[in-house]
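Shown next, in structure tokens, is the structure this report addresses.
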Amino acid sequence: MGKYIIAGNWKMNKLPSETYAFVKEIAAATEGAQCEVVCCTPFVCLSEAVKAAEGTHVKIGAENLHFEDKGAYTGEVSADMLVDLKVDYVIIGHSERRQYFAETDETVNLKIKKALAKGLIPIVCVGESLEQREAGVTMELITGQIEKAFDGITAADAEKVVVAYEPIWAIGTGKTATADQAEEVCAGIRAVLAKLYSDSSAKKVTIQYGGSMNAGNAQELLSKPDIDGGLIGGASLKSADFATIVAAAK
Ligand code: PGA
């Protein structure tokens with residue numbers, strides 16, 4: 001429904017000195033891609049990544065940003081800094097940031113607003129824990145995350161946002177949600193967006209699945225009507241695997 005986007009999330013992997021060659025490798029391996037190809041890298045790798053992606057189809061993203069424009073926020077990186085580097089995308093609210101770095105629905109919302117105001121495309125992560133899934137509250141939890149994430153955001157802006165459904169129990173565990181489980185929640189997210197905005201706006205939003213998506217399972221996941229791409233962790237660090245996933249997205 002939305003535009004197909006396959007985004008790698010390198011997390012805290014790869015060195016700045018490895019970045020240029022690796023992005024070139026990704027660009028070569030995914031040449032002719034029929035979807036948008038994005039590499040989200042650590043802050044310190046971004047400038048090399050942007051240099052390597054120049055003149056190719058690959059777009060570059062960051063893994064976080066701060067919601068204030070500037071000031072006394074030691075260790076933080078602003079949207080203007082990312083824009084200045086010619087970064088296009090930014091991951092917001094990844095479960096690892098929610099879990100280890102005190103990211104909340106409120107800061108996620110502020111970060112989305114800041115990214116949009118500065119022309120960055122936010123990739124907003126939502127997802128439930130294993131306990132929440134087993135308690136049967138998955139959709140309730142995700143509805144709340146989506147409503148809070150999009151609070152105060154206009155329809156025109158909402159259509160630019162990418163949502164990544166990432167069940168926490170599937171991230172880095174090798175345990176993928178089945179294609180049906182993933183589709184059910186992605187369709188549910190689209191229904192929430194349709195309620196908040198309209199059917200036509202909801203259809204324009206790219207909804208990705210993430211969580212142990214790999215070369216072997218990508219095709220089945222991406223064949224589902226409400227899964228418009230993937231946010232790929234582990235498999236984005238190997239160009240051949242990443243390229244297989246990209247090739248499955250058409
Ligand atoms: P994974 O990570 O593909 O290694 O499970 C996905 C993510 O956390 O974005």
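For ligands, and for the atoms within them, numbers begin at 1 and follow the listed sequence.
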message: Taking the basic N atoms (NZ, or NE/NH1/NH2) and the acidic carboxylate oxygens, is any pair closer than 4.0 Å for Lys11 and Glu96?
response: yes
- request: Could you list the atoms of ligand 1 found under 4.0 angstrom from a heavy atom of Ser212?
  value: 1 (P), 3 (O), 5 (O)
- prompt: Are any of the heavy atoms in Gly210 under 4.0 Å away from ligand 1?
  reply: no
- prompt: Quick check: does Gly211 get an N/O under 3.5 Å from an N/O on ligand 1?
  reply: no
query: Which residue supplies the protein heavy atom nearest to atom 9 (O) of ligand 1, what is that atom called, and how far is it?
result: Glu166 OE2, 2.7 Å
query: Which part of Asn9 is near ligand 1, with near meaning a heavy atom under 4.0 Å away: side chain, backbone, both or neither?
result: side chain
task: Compute whether any side-chain donor of one residue and acceptor of the other, for Ser129 and Gln132, lie under 3.5 angstrom apart.
output: yes
query: Taking atom types as modelled and ignoring hydrogens, do the side chains of Glu166 and His94 form a donor-acceptor contact shorter than 3.5 angstrom?
result: yes
- prompt: Backbone or side chain, does any N or O of Ala235 fall under 3.5 Å from an N or O of ligand 1?
  reply: no
field: Contact check: Thr173 vs ligand 1, nitrogen or oxygen atoms, below 3.5 angstrom
entry: no
- line: ligand 1 atoms nearer than 4.0 angstrom to some heavy atom of Gly172 are 1 (P), 4 (O), 5 (O)
- request: Check ligand 1 against His94 and write out every atom of the ligand that is under 4.0 Å from a heavy-atom position of the residue.
  value: 7 (C), 8 (O), 9 (O)
task: Report the part of Ala170 (side chain from C-beta onward, or backbone N, CA, C, O) that has a heavy atom under 4.0 Å from ligand 1; answer both or neither where that applies.
output: backbone
task: Answer yes or no for Lys113 and Phe67: cation-pi contact, defined as NZ/CZ to six-membered ring centre under 6.0 Å and angle to ring axis within 45°.
output: no
task: Please report which non-hydrogen protein atom sits nearest to atom 4 (O) of ligand 1, along with the residue it belongs to and the distance in Å to one decimal place.
output: Gly234 N, 2.8 Å
field: Side-chain H-bond candidate by donor/acceptor type, Ser95 with Gln99, under 3.5 Å
entry: no
query: Just distances here: any N/O of Gly233 and N/O of ligand 1 closer than 3.5 Å?
result: yes
query: Is any NZ, NE, NH1 or NH2 atom of the basic residue among Asp157 and Lys160 found under 4.0 Å from an Asp or Glu carboxylate oxygen of the other?
result: yes
field: Pairing of Lys118 and Asp69 as salt bridge, 4.0 angstrom limit
entry: yes
task: Would you tell me whether Tyr89 and Glu36 have side-chain atoms, one donor and one acceptor, within less than 3.5 Å of each other?
output: yes
